Visitor: 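This is the structure I have questions about; it appears just below.
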Amino acid sequence: MSVQQYDEIGEAFEGFKSLPLIRHGEVPSFLGMVGDVSGRSILDLACGTGFYSREFKRRGAGEVLGVDISGEMIAAARGIEQRDPLGVRYEIGDVAELRDLDRRFDIALGVQCLNYAEDIAALRRMCRNVHRSLVPGGEFFVLAQRPDYRFDLASLEKYGFRCEPTGEETEAGPRARVTALLDPQPISIVATVPRREVYEECLGAAGFGAVEWVPLQVSESGVREFGEDFWADLLANPPLEMLRCRA
């Protein structure tokens with residue numbers, strides 16, 4: 001997984017959540033897929049600055065632990081926790097080399113996590129480590145670049161992002177550069193876009209079952225704010241997709 005590109009972002013990463021694609025697509029879709037977390041323990045992997053850790057804690061989750069490979073991201077998450085205490089814990093860790101935790105969790109989250117595996121072997125290790133960290137029957141919720149996204153179709157720029165192939169092909173799938181069009185300084189991140197069968201094979205080999213792909217939706221508030229026509233290109237070729245599975 002790439003550490004440096006996230007270390008250079010720090011708390012500016014919070015700005016991603018203000019962009020239309022994230023605010024009206026990713027966030028409500030992911031929250032809706034995970035559903036009721038009341039009293040449930042959550043392991044937030046690749047937690048970044050802790051956005052989903054905090055959001056699910058506010059929604060009634062019990063223990064929440066956020067883990068990220070970037071020290072700067074964890075420092076930003078801890079700073080937010082210090083300013084607005086919710087009882088969320090954070091630690092630095094690589095999901096591919098995740099330590100044995102002192103407990104097992106009911107739910108694991110992997111938002112833009114598995115797609116940073118360096119190769120298929122690393123992706124398998126990630127999936128095994130997540131499975132090991134869940135109670136029997138625990139759920140794993142994933143969000144990542146859509147495996148069969150068409151780079152040659154309509155631009156995403158009106159939704160706040162630019163998504164381009166780098167031209168590099170890995171054993172898991174192509175590499176892509178995603179640029180968040182933040183003001184005043186856009187931020188670019190490069191990651192792999194694993195093929196659908198790679199995700200399914202690695203999750204299955206780790207012991208996960210009931211793997212289900214879940215499409216991105218647009219919130220009612222997004223339709224009210226921008227109108228239905230605004231979202232047509234996004235829904236015709238969504239750049240993100242989610243999946244859920246069970247340990």
Side-chain angles (χ1 to χ4, degrees), residues 1-27 29-30 44-52 66-77 79-80 92 94-96 109-119 122-123 126 142-195 198-199 216 218 222 230-231 233-234 236-242:
M1 294 172 68
S2 173
V3 183
Q4 184 177 0
Q5 61 182 343
Y6 278 98
D7 277 345
E8 292 172 352
I9 298 171
E11 199 162 330
F13 189 65
E14 287 287 297
F16 280 49
K17 298 299 187 281
S18 67
L19 300 173
L21 170 59
I22 307 300
R23 182 160 53 100
H24 293 300
E26 176 198 304
V27 172
S29 294
F30 192 72
D44 185 5
L45 298 165
C47 68
T49 52
F51 175 87
Y52 283 109
V67 177
D68 199 280
I69 195 171
S70 166
E72 289 300 318
M73 288 287 181
I74 291 298
I80 295 169
I92 299 170
D94 181 349
V95 181
L109 312 176
V111 175
Q112 303 290 12
C113 172
L114 298 182
N115 46 313
Y116 287 99
E118 295 178 354
D119 49 35
L123 183 51
M126 285 178 160
V142 175
L143 182 139
Q145 273 73 36
R146 181 168 158 241
D148 45 8
Y149 175 71
R150 289 281 305 277
F151 293 99
D152 59 337
L153 296 183
S155 168
L156 297 176
E157 293 198 10
K158 65 181 176 181
Y159 309 115
F161 284 86
R162 187 165 54 245
C163 191
E164 309 159 296
T166 66
E168 180 186 2
E169 188 77 25
T170 73
E171 63 172 352
R175 301 270 284 169
R177 179 178 295 101
V178 176
T179 301
L181 303 176
L182 297 170
D183 185 26
Q185 181 64 46
I187 294 174
S188 292
I189 296 169
V190 175
T192 302
V193 186
R195 296 183 301 277
V198 171
Y199 279 117
L216 199 74
V218 173
F230 175 83
W231 299 105
D233 292 334
L234 177 73
N237 186 36
L240 302 173
E241 193 164 8
M242 306 179 296

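Here the structure is a predicted model, which means the values were calculated and not measured. Residue numbers run from 1 in the order of the sequence given.
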Visitor: Just to verify, what does Phe151 make a side-chain contact (heavy atoms from CB on, under 4.5 Å) with, not counting sequence neighbours?
Guide: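 Partners of Phe151 under the side-chain contact (heavy atoms from CB on, under 4.5 Å) test: Tyr149, Cys163, Pro165, Ala176.
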
Visitor: Quick one: side-chain hydrogen bond (donor to acceptor under 3.5 Å, both in side chains) partners of Tyr199, sequence neighbours excluded?
Guide: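 For Tyr199, no residue satisfies side-chain hydrogen bond (donor to acceptor under 3.5 Å, both in side chains) once neighbours in sequence are set aside.
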
Visitor: Could you tell me which non-hydrogen atom of Tyr116 sits nearest to which non-hydrogen atom of Ala191, and how far apart they are?
Guide: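 Shortest heavy-atom contact: CE2-CB, 3.4 Å.
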
Visitor: Does Ile74 offer a backbone N or O that forms a donor-acceptor pair with the side chain of Asp68 under 3.5 Å?
Guide: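 No, Asp68 side chain to Ile74 backbone: no donor-acceptor pair under 3.5 Å.
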
Visitor: Of all heavy-atom pairs between Thr49 and Ile80, which one has the smallest distance, and what is that distance?
Guide: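 For Thr49 and Ile80, the tightest heavy-atom pair comes out as O-CD1, 3.9 Å.
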
Visitor: Could you check whether any side-chain heavy atom of Leu109 comes within less than 4.5 Å of a side-chain heavy atom of Phe30, counting everything from C-beta outward?
Guide: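 Of all side-chain heavy-atom pairs linking Phe30 with Leu109, at least one is under 4.5 Å.
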
Visitor: What pair of heavy atoms forms the shortest contact from Thr179 to Ser188, and how long is it?
Guide: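 Of all heavy-atom pairs spanning Thr179 and Ser188, the closest is OG1-OG, 2.6 Å.
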
Visitor: I need the Glu26 CD to Lys17 NZ distance, nearest 0.5 Å.
Guide: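 If we round to the nearest 0.5 Å, Glu26:CD and Lys17:NZ are 5.0 Å apart.
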
Visitor: So, taking the atom named NE2 in His24 and the one named CG in Leu216, what distance separates them when rounded to the nearest 0.5 Å?
Guide: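 With rounding to 0.5 Å, NE2 (His24) is 12.5 Å from CG (Leu216).
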
Visitor: Apply side-chain contact (heavy atoms from CB on, under 4.5 Å) to Ala172 and list each qualifying residue two or more places apart in sequence or on a separate chain.
Guide: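 Listed in chain order: Ile120, Thr170, Thr192, Pro194, Val198.
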
Visitor: Sequence neighbours excluded, which residues qualify as side-chain contact (heavy atoms from CB on, under 4.5 Å) partners of Val142?
Guide: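 If we apply the side-chain contact (heavy atoms from CB on, under 4.5 Å) test to Val142, skipping adjacent residues, the hits are Leu114, Phe140, Leu243.
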
Visitor: Which atom pair, heavy atoms only, marks the closest approach of Ala77 to Gly48?
Guide: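 Minimum heavy-atom separation between Ala77 and Gly48: CB-O, 4.0 Å.
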
Visitor: Test: salt bridge (charged side-chain N to carboxylate O under 4.0 Å, His left out). Region: residues 182-195. Which pairs qualify, not counting sequence neighbours?
Guide: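 Residue pairs with at least one partner in residues 182-195: Arg195-Glu197.
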
Visitor: So, taking the atom named CG in Leu240 and the one named CG in Leu156, what distance separates them when rounded to the nearest 0.5 Å?
Guide: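 Taking CG in Leu240 and CG in Leu156, the distance rounds to 8.5 Å.
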
Visitor: The criterion is side-chain contact (heavy atoms from CB on, under 4.5 Å); which residues satisfy it with Ala180, sequence neighbours excluded?
Guide: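 With neighbours one apart ignored, the set is Phe16, Leu19, Phe161, Leu182.
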
Visitor: Please round to the nearest 0.5 Å and tell me the distance separating atom CG of Leu45 and atom CD1 of Ile69.
Guide: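 So the gap between those two atoms works out to 12.0 Å.
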
Visitor: Test: salt bridge (charged side-chain N to carboxylate O under 4.0 Å, His left out). Region: residues 146-156. Which pairs qualify, not counting sequence neighbours?
Guide: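 Salt bridge (charged side-chain N to carboxylate O under 4.0 Å, His left out) check on residues 146-156 returns Arg146-Asp148, Asp148-Arg196, Arg150-Asp152.
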
Visitor: When rounded to the nearest 0.5 angstrom, what is the spacing between CD in Gln112 and CD1 in Ile189?
Guide: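 Gln112 CD to Ile189 CD1: 8.0 Å, rounded to 0.5 Å.
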
Visitor: According to the side chain to side chain donor-acceptor pair (under 3.5 Å) rule, which pairs have a member within residues 159-168, sequence neighbours left out?
Guide: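 Listed by first then second residue: Glu157-Arg162.
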
Visitor: Just so I know, are the side chains of Val111 and Cys47 near enough to count as touching, which here means a heavy-atom distance under 4.5 Å?
Guide: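 No, their side chains stay 4.5 Å or more apart.
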
Visitor: Excluding sequence neighbours, so at least two apart, what forms side-chain hydrogen bond (donor to acceptor under 3.5 Å, both in side chains) with Arg177?
Guide: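 Residues passing side-chain hydrogen bond (donor to acceptor under 3.5 Å, both in side chains) with Arg177: none at all.
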
Visitor: To the nearest 0.5 Å, how far apart are CG in Leu123 and SG in Cys113?
Guide: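 Interatomic distance, Leu123 CG to Cys113 SG, rounded to 0.5 Å: 9.0 Å.
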
Visitor: Taking side-chain hydrogen bond (donor to acceptor under 3.5 Å, both in side chains) as the definition, give me every residue that meets it alongside Ser29, ordered by chain and number, with sequence neighbours left out.
Guide: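 With neighbours one apart ignored, the set is empty.
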
